[in-house]
Amino acid sequence: MGDLADRMRRHIVGRFYGEVMPEGLRRLFSPTPAYQAALVYEHWCFLQGFPRWVGSIIAGTDKLDVIEYEVDNLYGELIHDPGSKGGHYAIVLSAGVEAGLSSNELTEARPGPKMALALKDWYDIARTRSWIETMAAVHGTEMLADQNLKKVPGYSLPHIMGDEPFLRPSTYSPSGKRFLGTTRADTQHAGRAAELVEKYAPTSEERDNIFKTFVRSMDNMELYFEAIRERYEEFRVRFHESA
Ligand SMILES: [Fe+2]
């Protein structure tokens with residue numbers, strides 16, 4: 001794996017998986033029903049953007065291996081994942097219902113203010129940056145579930161969100177577990193995307209620009225976890241959970 005992918009993984013570990021983790025992510029590893037509901041609610045809003053940003057990568061490139069990768073990624077996310085009956089989206093919806101939300105509430109979900117800011121910026125990246133920068137930004141978000149992060153110095157947890165030994169005894173509902181289990185595919189997704197980005201960005205100047213846009217996307221991930229934390233505070237009251 002090239003140096004750009006390593007640099008990206010080190011950035012993610014330093015920012016999200018060190019001794020001090022963003023609360024919206026930290027709680028993913030000791031969930032309650034209100035947390036599961038908040039995670040699904042905001043993530044559902046994120047999922048509405050994801051295929052459209054991928055669409056802008058496809059529209060912008062003439063590299064067939066990039067297009068193949070993107071179509072394959074979206075097929076698993078949206079239509080069919082080999083490890084489950086439908087695509088990931090259907091699993092996410094039922095994880096929300098099992099956590100106590102109605103499916104209407106989810107399909108009509110409006111992102112929290114922090115998520116709205118993040119989404120706006122991801123759309124902005126997709127519309128204004130090159131396909132290769134967009135690729136690093138969009139698939140960089142999947143890198144937060146990359147199993148390889150555990151090998152990066154400073155990674156502070158015994159597991160990552162897709163790990164069975166973590167999920168099996170956890171308090172997530174059956175679909176909640178399956179939803180997080182599907183993030184195991186993100187190890188492949190993020191790794192392959194980073195390889196393709198490296199392949200088509202041979203100069204260090206290009207890589208620096210790509211890394212900058214990737215960091216911008218990680219700023220958005222910071223907002224994403226803030227939005228989950230804020231939604232959790234709201235649902236905690238609704239579900240009568242103490243802190
Ligand atoms: Fe993925």
Side-chain angles (χ1 to χ4, degrees), residues 1 4-5 8-9 11-13 16-17 24-25 28 36 39-58 61 63 65-96 115 118-119 122-123 125-126 131-150 152 159-164 166-167 172 175-199 210 213-214 217-218 220-221 224-225 228:
M1 187 59 61
L4 184 65
M8 288 160 86
R9 289 196 185 92
H11 180 87
I12 289 172
V13 167
F16 297 102
Y17 287 108
L25 176 61
L28 189 147
Q36 181 174 324
L39 172 68
V40 167
Y41 188 100
E42 293 297 331
H43 189 64
W44 182 254
C45 297
F46 168 85
L47 289 179
Q48 307 314 299
F50 190 88
R52 301 178 65 191
W53 309 324
V54 167
S56 95
I57 299 168
I58 294 174
T61 190
K63 311 296 182 205
D65 52 359
V66 171
I67 295 171
E68 278 170 13
Y69 161 80
E70 297 298 0
V71 170
D72 184 57
N73 185 328
L74 280 192
Y75 184 73
E77 301 288 357
L78 274 165
I79 312 296
H80 178 73
D81 177 88
S84 65
K85 284 212 186 72
H88 295 182
Y89 281 45
I91 302 171
V92 174
L93 273 187
S94 68
M115 185 64 81
L119 294 173
W122 276 311
Y123 279 112
I125 290 171
W131 70 265
I132 197 164
E133 288 183 31
T134 303
M135 197 171 184
V138 171
H139 300 294
T141 65
E142 296 182 287
M143 206 176 240
L144 272 91
D146 186 335
Q147 308 273 326
N148 296 314
L149 294 180
K150 291 185 283 190
V152 176
H159 39 238
I160 196 153
M161 61 184 83
D163 284 345
E164 270 300 311
F166 156 63
L167 286 175
Y172 283 107
S175 296
K177 288 177 188 181
R178 286 205 295 143
F179 154 43
L180 288 169
T182 61
T183 66
R184 282 197 293 274
D186 288 337
T187 305
Q188 278 284 42
H189 289 171
R192 177 81 181 122
E195 266 173 38
L196 288 164
V197 165
E198 304 233 37
K199 177 175 172 186
I210 290 164
T213 304
F214 161 78
S217 177
M218 294 302 104
N220 294 337
M221 280 310 293
Y224 167 106
F225 288 118
I228 291 171

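In what follows, every heavy atom counts, from backbone to side chain, and hydrogens, waters and symmetry copies are set aside. All ligand and atom numbering here is 1-based and tracks the order in the structure.
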Original post:
Where the Fe ion (ligand 1) is the corner point, what angle links OE2 of E142 with OD1 of D186, to 10°?
Top reply: 100°

Subject >> Donor-acceptor pair, side chain of Y89 and main chain of Q48, under 3.5 angstrom >> reply: no

Subject >> S94 side chain vs I91 backbone, donor-acceptor pair below 3.5 Å >> reply: yes

**OP:** Taking atom types as modelled, find out whether H159 and E164 have a side-chain donor-acceptor pair closer than 3.5 angstrom.
**Re:** no

**OP:** Check the angle between the aromatic planes of W122 and W53 and answer parallel, tilted or perpendicular using the 30° and 60° thresholds.
**Re:** tilted

Subject >> Among the N, O or S atoms of E77, the one nearest the Fe ion (ligand 1) >> reply: OE2

**OP:** Verify the distance test for H189 against the Fe ion (ligand 1): any N/O/S atom under 2.8 Å, yes or no.
**Re:** yes

